[in-house]
Amino acid sequence: MKEVEVFDLFEKIEIPLTKVLAKMELEGIALDVEMLQNYSTQLTSELQLLENKIHQLADEEFNISSPKQMGEILFEKLELSKKPKKTKSGQYSTSEETLLKLKDTHPIIDEILTFRGVKKLLSTYVDALPELVNTETKRIHTTFNQSVASTGRLSSVNPNIQNIPIRTKRGMKVREAFIPKDKNYTLMAADYSQIELRIMASLSKDEGMLTAFNNGVDIHSATAAKVFKVDVKDVDRNMRSQAKSVNFGIIYGISAFGLSQNIGVSRTEAKEIIDNYFEQFPKVKEYMDWSIEQAREKEYVETIMGRRRYLKDINARNGMIRAMAERNAINAPIQGSAADIIKIAMINVQQEMEQREMKSKMLLQVHDELVFDMHNSESSELKTLVKEKMVQAVSLQVPLIVDIGEGLNWLEAH
DNA sequence: GTAATCACG
DNA sequence: ACGTACGTGATTACA
């Protein structure tokens with residue numbers, strides 16, 4: 001019986017999606033190569049200055065890009081930590097997380113962090129992207145993998161268009177390099193607001209969560225008010241920020257350790273927060289337990305469209321392996337259902353655009369976002385159509401909200 | 001080839 | 001007692 005659902009998923013979603021993806025890949029997206037080349041010159045000289053400064057501060061020349069050499073400088077020569085954190089293989093950890101904790105011990109740390117950021121930007125994006133512009137089309141053509149991610153998400157390679165920087169000032173400049181086809185077009189981006197938490201609300205049917213979404217309130221503030229037992233108007237920035245982490249944790253299959261690491265409190269305090277959360281959102285807890293129970297019985301969990309993730313480790317004797325599978329049992333239906341929803345939307349949007357013979361084109365998918373080359377004559381028509389198809393892709397216990405933006409580059413469209 | 005790091009949702 | 005937040009891909013160093 002249930003196999004019918006998996007076949008429907010295949011026939012009604014994955015197969016029709018192949019053509020949509022093929023068209024997006026063939027269409028490609030325009031890149032402002034000249035801008036990136038200028039930016040490269042600027043970043044390269046910044047990088048040179050940083051390199052000199054770091055070598056000067058270390059009083060030694062070494063390869064800053066070698067974590068091994070970096071560890072030896074920081075922890076053997078400069079002795080910045082009494083008991084340096086090690087990686088799995090016994091090397092000194094020099095990850096951003098580790099370095100941030102050493103920020104105040106030596107001025108070299110800040111320079112290293114900046115160096116790392118600039119180097120990453122240059123090698124992965126600023127210098128790499130222009131190389132991938134197709135000589136015939138003059139556009140960037142990614143490849144979307146439809147059968148890589150175990151949750152049902154797409155992935156993107158060559159280049160990975162789903163991890164273009166946005167969080168830092170320097171990174172934003174890279175987004176600015178993704179531009180419309182020509183002067184008759186504008187880039188338009190449409191993204192689902194809090195889709196995974198809405199799915200959690202809908203699947204768990206937790207009253208508190210449903211009420212929050214059905215009343216259109218800020219979910220992280222609403223969560224903070226409940227968890228910290230204060231009035232919404234008394235939620236401060238720190239409380240909201242912690243609640244946001246809790247909400248992320250809920251989607252990931254929360255653990256006291258993970259939360260404590262994320263927000264920098266003790267495990268005891270983290271456990272306290274989680275206990276309060278489950279007290280305030282009891283059906284979320286019930287749903288999470290139910291998901292794990294389903295996994296134990298069937299050795300798989302499923303999304304709203306019946307997509308399965310098999311979890312052979314769910315009954316493992318090794319507690320750590322088992323705990324991992326339990327988090328997967330909670331996360332996969334959430335992340336996977338979000339993937340189902342945007343895939344349905346993509347098929348319906350593409351179908352409608354073709355039927356209307358529109359000039360606009362769907363270009364990219366970034367998990368909860370779709371990006372379009374929008375022909376200026378179709379501006380309001382396209383935005384209305386896309387919003388409608390995305391919002392109506394499926395019917396949940398809460399509304400799906402889609403935010404739309406547009407501009408002369410991908411950054412502005414956000 | 002693998003480990004470490006870091007970019008995104 | 002142990003060691004963990006979920007899902008990806010690209011780059012670099014190094015055995």
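Just so it is clear, the model here is predicted, and its values are computed rather than measured. In what follows, every heavy atom counts, from backbone to side chain, and hydrogens, waters and symmetry copies are set aside. Throughout, protein chains are lettered first and strands after them, A, B, ... in sequence-line order, and every chain is numbered starting at 1.
- One finds a side-chain N or O of R167(A) lying less than 4.0 angstrom from the OP1 or OP2 phosphate oxygen of dG9(B).
- Put simply, S89(A) has no side-chain N or O that comes within less than 4.0 Å of OP1 or OP2 on dC14(C).
- The side chain of S155(A) places an N or O atom within less than 4.0 Å of a non-bridging phosphate oxygen (OP1 or OP2) of dG9(C).
- No hydrogens or angles considered: nothing links the side chains of R170(A) and T114(A) as a donor-acceptor pair under 3.5 Å.
- Residue R309(A) is classed as a sugar-phosphate contact, given heavy-atom separations below 4.0 Å to backbone atoms only.
- Across all strands shown, dC8(B) forms a Watson-Crick or G-U wobble pair with dG7(C), both key distances being under 3.5 Å.
- Side-chain proximity of K120(A) to the nucleotides dT11(C), dA10(C), dC6(C) is greatest for dA10(C).
- A close approach under 4.0 Å does occur between a side-chain nitrogen or oxygen of N63(A) and OP1 or OP2 of dA13(C).
- At the phosphate of dG7(C), OP1 or OP2 sits under 4.0 Å from a side-chain N or O atom of N328(A).
- Among the heavy atoms of the strands, none lies under 4.0 Å from I334(A).
- When heavy atoms are screened at a 4.0 angstrom cut-off, I254(A) is found touching base atoms of the nucleic acid.
- The residue Q261(A) sits apart from the nucleic acid: no heavy atom pair falls under 4.0 Å.
- Here N262(A) lies in heavy-atom contact (under 4.0 Å) with a base.
- As judged by a 4.0 angstrom heavy-atom cut-off over every strand, A338(A) is placed among residues making no nucleic acid contact.
- At least one side-chain nitrogen or oxygen of Q69(A) sits closer than 4.0 Å to the OP1 or OP2 atom of dC14(C).
- As judged by a 4.0 angstrom heavy-atom cut-off over every strand, T87(A) is placed among residues touching the sugar-phosphate backbone only.
- If you take CG of L197(A) and P of dC6(C), they are 17 Å apart, rounded to a whole angstrom.
- Ring pair H375(A)/Y185(A) is perpendicular by interplanar angle, where above 60° counts as perpendicular and below 30° as parallel.
- Distances shorter than 4.0 Å separate none of the side-chain N or O atoms of T124(A) from OP1 or OP2 on dC6(B).
- Distance from the side chain of S95(A) is smallest for dT5(B) among the nucleotides dT12(C), dT4(C), dT5(B).
- Counting any heavy atom pair closer than 4.0 Å across all strands shown, G249(A) reaches a base atom.
- Checking the phosphate oxygens (OP1, OP2) of dG7(C), no side-chain nitrogen or oxygen of R327(A) falls inside 4.0 Å.
- Taking the C1' atoms as reference points, dG3(C) lies 26 Å from dC8(B), given to the whole Å.
- In summary, the side chains of Q146(A) and E14(A) do present a donor paired with an acceptor at a separation below 3.5 Å, with no hydrogens or angles considered.
- Side-chain atoms of E76(A) and Y92(A) form a donor-acceptor pair, as typed in the model, at a separation below 3.5 Å.
- Here the side chain of S123(A) is nearest to one of dT5(B), dT11(C), dC14(C), namely dT11(C).
- Under the 3.5 Å distance criterion, with hydrogens and angles disregarded, a donor-acceptor pair is assigned to the side chains of S360(A) and E378(A).
- Contacts of S245(A) with the nucleic acid, taken as non-hydrogen atoms under 4.0 Å apart, include base atoms.
- Among the atoms of the strands shown, only primed sugar atoms or phosphate atoms (P, OP1, OP2) are found under 4.0 Å from some heavy atom of A149(A).
- Checked by atom type, the side-chain pair E369(A)/Q365(A) shows no donor-acceptor distance below 3.5 Å.
- Straight-line distance between the P atoms of dT5(B) and dT4(C): roughly 14 Å, to the nearest whole Å.
- In the set dT12(C), dC14(C), dG9(B), the nucleotide with an atom closest to the side chain of S66(A) is dC14(C).
- dA5(C) and dA3(B) have their P atoms separated by 16 Å, given to the nearest Å.
- When all heavy atoms of K181(A) and D373(A) are compared, the closest pair comes out as N-OD1, 3.1 Å.
- For a distance-only test at 3.5 Å, the side chain of E96(A) fails to qualify as a donor-acceptor partner of the base of dC6(B).
- Note on S65(A): every side-chain N or O is 4.0 Å or more away from OP1 and OP2 of dT11(C).
- As a whole-Å value, the separation of D340(A) CG from dG9(B) C1' is 16 Å.
- The interatomic distance linking E51(A) (CD) with dT12(C) (P) rounds to 14 Å, in whole Å.
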